[in-house]
Structures are given as C-alpha cells and as structure tokens.
Amino acid sequence: MSFPLLTATAVLPAIGAIATAAVPAAQRTAAKWLALLVSLGTLALAITVLVRFDPGGDRYQLTESHSWIADFGVRYELGVDGIAVALIALTALLIPFIILAGWHDADPLETGSKRWRPTQGFFALILAVEAMVIISFEATDVFLFYIFFEAMLIPMYFLIGGFGDRAHEHGEKVASTQRSYAAVKFLLYNLVGGLIMLAAVIGLYVVAGNFSLQAIAEARANGTLDMATNTERWLFLGFFFAFAVKAPLWPLHTWLPNAMGEATAPVAVLITAVVDKVGTFAMLRFCLQLFPEASKWATPAILVLALISIVYGALLAVGQRDIKRLIAYASISHFGFIIMGIFAMTSQGQSGATLYMVNHGISTAALMLVAGFLISRRGSRLIADYGGVQKVAPVLAGTFLIGGLATLSLPGLAPFVSEFLVLVGTFTRYPVIGIIATFGIVLAALYVLVLYQRTMTGPVKPEVSAMPDLRVRELVVVAPLVALLLFLGVYPKPLTDIVNPAVQQTMSDVHKKDPQPEVEAAK
C-alpha cells in the first residue's frame, strides 16, 4: 500500500492542534514553536503533493478510498486535481505566516487584569482550521466534504469571538460585545447555509444512491443517472446557497465585515484567504460537476449577483473609516470577480478565477498582516488616526503600499493576471457584464490610494511619531509574500500549468466551449 500522502497532509495539523492544546499553561512559547513546526511540516507535505502531481495525468490523483459508513454508501475518498493542489499549497503556505504574525496575539492581557488569554488554544484552533480546510479540498465523497465544510465553523467561531482585536476605540467591554456579535453572526449565517446544503446532500443520495463525486459524475456523463430538470435545479440551489454564504456573495456577505473587523489580523487572513476559498472551490468541484445543466440555467442570475458584489463591495470600501473593514469590503468585491470567472463558462474565466483564489489569498494576507502590524503599534483601526507613517516607518509603509497595489491589481503583481483573465473570459461571452465589472478596478484604485494617502503620507501625527518600523519577525512574514506577488505577477506559468488541465475538464463537465472570436473576412 502506498503512503497515504493526502491523509497525512490533513492529519498532521490535526494532531498538531491536539498536541499544542495539551502543552502546559505556563509553556506558552513552547506551544507557539510547536504550532509553527507543525505548520512547516504540513507545508513540506503540501509541497510533496505539488511535486508528485502530474498535470497531464488523471483528473484525480494520489487517490485514497476506504469504506466508512457502508450502510449509507459513505466512503473515505480523497483525490486532488490541479485546482485542489493549488489551494492546498496556498493554505499550507499561509498558515506559518499567520502563526508568526499572531505570535503575541494570545499573550496575557496587558491591561492589569488577571485574566489570561489561552495561548495554546489560539494556535491549536488555527491548526484545526488548517486540517479541516485541507481535507475539504481533498474530499471526493460529498458527505465527507460536508462534514468538514461544517466542522470548520467551530474553531473559527472561537477564534473570532475569543481572540478579537485589542484595538478598539470604545474599550474592552464594548469590543467583547462586538466580537461576540460578529462570531454569532458568522456562525448563524454559515449554519443556515450548511443546513440547506445538508438537505441537498440527502436529496442527492436519494437520487444517486451514493455520495461519490466521481461515481455520480460518471453516471451522469454516460447516461445511467438521469436527474429530472427540477430536481437538479433544486439540488444545485441547495449546494450553491451554502457555498455563496461561505464565499461570500452579495447579499449573503454581511457577516464578513463584522468577522474580519473584530478578529485579529491573522485570523482575518485565515477567514478571507483560506476558509472562504472553500466556497468558491466547491462551486467548481461540486456545482459544475454534479449539476452541469442547472449551473448553466442559473448562470445569468449568478453573474448579476457577482457583478453587484464587485461594484457594491468596492463602493463600500471607498467609504470606510476602519482599515480592516475596508479590506473586508475589498475582499467581497474580489470574490465577485472570482465567482464571475467561474460562471462565465470560459476557460480563460475559470483559469483566472482559480488563479484569483491563490493570488487574492497572497495579496490579502500581505495587506492585512501589515495593517495588523500598523494597528498594533497605534492601537486604533481608524484611518483618521494615522498620517505621515512613511516618514517614521518607511519599510512598513512600503510593504503596505505593495500589498495595496496588489489589491488593486497593478500590472506586474500577481492579481493582475487573474483579474485580466476573468475579465477577458467574461467579455467573450457576456460583454455587458464584463464592461460593467471594469468599474470595480477603477474603484479599487480609489480606495487603495486614498487609504495609503491618509495613513502614510502628509504631516506626521504626534501619536505615530515614535512608531517603530517592521521588526525581524514581521519582515519574515511579509517579505516572502511580497516576493510571491512579484514572481507570480511576471511569471504565472508554473501555476497555470497545474490549473489549466483541471479547468478544461470542468469545461467538459458542463459541455461548454470557448466562444470563437468574430473575425471579419479579409476583403
């Protein structure tokens, strides 16, 4: 029997979470180092998955299949395609940086109170989320996927509600109340989506007789499983609703600004750069593959919702006074681009959407983590409380600028390639949608540059005059992310080579071909 590499990639952080939580209370530093070492070990396993994956090989590789709940047709089935491999690599890459960035976020409170923040629990919960996200990307059994899709809500709830941002203008009591509100809102929204999806999962089993993604897809392709049109549409809506909440897509997005605003910066990165990607990934893997006709039927409505997300998120980002909420609304706009690319039903759009998932994760991590370093120094999330930072902390200001420019998809930085492919892929089939979506780019330039101008330029405010520049630990977090943004911005080929074959197979699932360009005959 070959080594179960996919299982090991998910199990290692799960074991690490248990071990970190079991570290004695007085050994906080040991718990941090243990969590970091486990995350680096998981990254090594993810790189092994990446190296062993053959883009020109079978659709699902490194597969594992074992009977689990035989009476209900549930199997422990894992397998990865190019899209899953890219997102597993992203997740494993970001977690060590999240741990390093949050190195002191769960230390004892420094307000004179005797309450202690459970450091071990903070890092254990991060590793638990990593394990559940990775196995969600690997699962090819629908029921197995559903379990971890829902289970990841539990550690995220405690990370948001129990370890919130200490920088709050109204004091700790109000901050605690708002953290609790944000955590409960996050949980309720996603639980409702999950319950609707559970009904659809049960309905799929009634129709198909099993939960195997590959078996159901093959049966649909060869005609041995024929779903009634209305049945397929209802099942599709059940799945899509849950994924749209997680993504998040307008109008199901309202939990995200609260969650990201009240969480610590590393946890905010975990939400939008890691956890939310499960929603958009699942649209590609499950919605399009299991319900191809319903996906095409729902495409016009979904594209309109994605377009609203793009413009609405960008407009609200322009008007924000809170740095973290601005980044949250920018992410809503970016997820609109991702979903638009998926449902444009073109190879350029879907390749761009997959690249966008990876590149958005890197760029948002860079911007939000630097913003977190900035906020921890000043003790405020309000944009108006800053000014002239670039004169006292030039490295911090420079990395903040690079993260912001990546967020607005500046050519030469990784997100530009993704956004360009999404817009080209959309325009070839839906030109009006593509044209309107470009306004999101204009608005992104506005909110990013205004944010930088108000915080980093101008006269130095007295409160920031003694602000230290980035420390060594913080540079270790930010420098690799900036390097990746530059590298993938000028040479995205290593990523596209992995992703494109999986995108072509997804296009085949929905029986779509790229529109042929209209070329006037030569006279």
Side-chain angles (χ1 to χ4, degrees), residues 2-17 19 33-64 78-101 123 126-140 148 266 269-270 273-275 277-278 281 354-355 357-366 369 414 476-502:
S2 60
F3 178 71
L5 183 57
L6 297 185
T7 294
T9 308
V11 166
L12 178 59
I15 294 174
W33 279 106
L34 177 59
L36 180 60
L37 290 173
V38 169
S39 69
L40 292 173
T42 306
L43 176 58
L45 289 174
I47 292 172
T48 305
V49 171
L50 186 64
V51 170
R52 290 187 56 183
F53 182 80
D54 177 13
D58 295 338
R59 179 171 192 173
Y60 293 106
Q61 300 177 33
L62 306 173
T63 55
E64 302 172 32
L78 305 180
V80 289
D81 59 3
I83 299 169
V85 166
L87 292 174
I88 289 169
L90 171 70
T91 301
L93 174 71
L94 290 181
I95 295 300
F97 297 130
I98 288 172
I99 290 173
L100 273 175
F123 293 101
I126 291 174
L127 291 176
V129 172
E130 179 182 24
M132 294 175 186
V133 169
I134 288 176
I135 203 167
S136 297
F137 291 141
E138 296 173 345
T140 56
F148 290 100
V269 172
L270 189 65
V274 177
V275 171
K277 298 299 187 299
V278 178
F281 163 79
T354 305
L355 291 177
M357 289 187 231
V358 175
N359 294 333
H360 171 264
I362 299 170
S363 63
T364 299
L369 292 179
V476 170
V477 171
V478 176
L481 297 174
V482 170
L484 274 172
L485 289 173
L486 293 169
F487 176 77
L488 293 176
V490 298
Y491 190 64
K493 187 175 184 297
L495 198 53
T496 56
D497 285 347
I498 294 172
V499 164
N500 285 344

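In what follows, every heavy atom counts, from backbone to side chain, and hydrogens, waters and symmetry copies are set aside. Position 1 is the first residue of the sequence, and the numbers go up from there.
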Please tabulate, for side-chain N and O atoms in residues 45-59, each donor-acceptor pair with protein atoms closer than 3.5 Å (sequence neighbours left out).
unit_1 : atom_1 : unit_2 : atom_2 : d
T48    : OG1    : A44    : O      : 2.9
D54    : OD1    : G56    : N      : 3.1
R59    : NH1    : D509   : OD1    : 3.2
R59    : NH1    : D509   : OD2    : 2.9
R59    : NH2    : Q289   : OE1    : 3.4
R59    : NH2    : D509   : OD2    : 2.7

- Item | Criterion side chain to side chain contact (heavy atoms under 4.5 Å, CB included) on I135 and L78, from CA distance to verdict | CA-CA 8 Å; I135 203 167; L78 305 180; 4.1 Å; yes
- Do K277 and H360 come close enough that some side-chain heavy atom pair is under 4.5 Å? yes
- Message: So, taking the atom named CH2 in W33 and the one named CG in L37, what distance separates them when rounded to the nearest 0.5 Å?
- Response: 7.5 Å
- Determine the minimum heavy-atom distance between T42 and P13, stating which atoms define it. OG1-CD, 3.5 Å
- Quick one: which residue pairs count as a salt bridge (charged side-chain N to carboxylate O under 4.0 Å, His left out) with a foot in residues 79-92, not counting sequence neighbours? D81-R285
- Message: For V269 versus A365, what's the shortest heavy-atom pair and its separation?
- Response: CG1-CB, 3.7 Å
Donor-acceptor pairs are to be reported for all side-chain atoms of residues 82-98 against protein atoms at under 3.5 Å, with residues two or more places apart or in another chain.
unit_1 : atom_1 : unit_2 : atom_2 : d
T91    : OG1    : L87    : O      : 2.9

- Nearest-0.5 Å distance that lies between atom CZ in F123 and atom CG in L36: 9.0 Å
- Side chain proximity check, L488 to I362, heavy atoms < 4.5 angstrom: yes
- Note on the structure: Note: A14 and A131 closest approach over all heavy atoms is N-CB, 3.7 Å
- Message: To the nearest 0.5 Å, what is the distance between CG on L369 and OG1 on T364?
- Response: 10.0 Å
- Message: Return the CD1 to CG distance between I126 and L270, rounded to the nearest 0.5 Å.
- Response: 6.5 Å
- Query: If every non-hydrogen atom of V278 is compared with every non-hydrogen atom of S136, which pair is closest and at what distance?
  - Reply: CG1-CB, 4.2 Å
- How long is the gap from CD on E138 to OH on Y60, to the nearest 0.5 Å? 13.0 Å
- Message: Would E130 and S39 count as a side chain to side chain donor-acceptor pair (under 3.5 Å) here? Give the steps.
- Response: CA-CA 9 Å; E130 179 182 24; S39 69; 5.9 Å; no
